[in-house]
Colleague: 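Once you've had a glance at the structure underneath, I'll fire off some questions.
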Amino acid sequence: MLIKFFPNGKGAGPVGYLVAEHVLADSNRDLIRDADGKPMTVTRDPLHEVLCGNPERTEALTDASGPTALA
């Protein structure tokens with residue numbers, strides 16, 4: 001998996017996405033919508049597993065570091 005960190009992001013965004021059980025459904029980076037135009041979600045199976053580290057601590061460090069953070 002490739003990850004890009006943006007200087008104006010918050011820790012909960014990228015970290016939350018990586019460990020989320022439910023994420024927005026996409027096809028080749030195009031959001032998939034239902035018949036009513038609402039974004040659809042999918043359940044990750046298998047769910048990503050954190051092998052090392054603490055997601056909450058990573059979020060806090062990213063938020064505290066500001067725009068110069070390089071993770």
Colleague: Examine distances only and state if a side-chain atom of H22 and a backbone atom of T41 form a donor-acceptor pair shorter than 3.5 Å.
Modeller: no
Colleague: Only pairs under 3.5 Å count here: list side-chain donor-acceptor contacts from residues 31-38, not counting sequence neighbours, and write none if there are none.
Modeller:
| from | atom 1 | to | atom 2 | distance (Å) |
| --- | --- | --- | --- | --- |
| R33 | NH1 | G37 | O | 2.9 |
| D34 | OD1 | D36 | N | 3.0 |
| D34 | OD1 | G37 | N | 3.0 |
| D34 | OD1 | K38 | N | 2.8 |

Colleague: Report yes if some heavy atom in the side chain of L24 is under 4.5 Å from a heavy atom in the side chain of M40; otherwise report no.
Modeller: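 They are not in side-chain contact.
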Colleague: What are the two closest non-hydrogen atoms of L47 and A20, and how far apart are they?
Modeller: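 Taking every non-hydrogen atom into account, CD1-O, 3.6 Å.
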Colleague: Between A25 and V42, what is the shortest heavy-atom contact and its length?
Modeller: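 That closest heavy-atom pairing would be CB-CG1, 3.6 Å.
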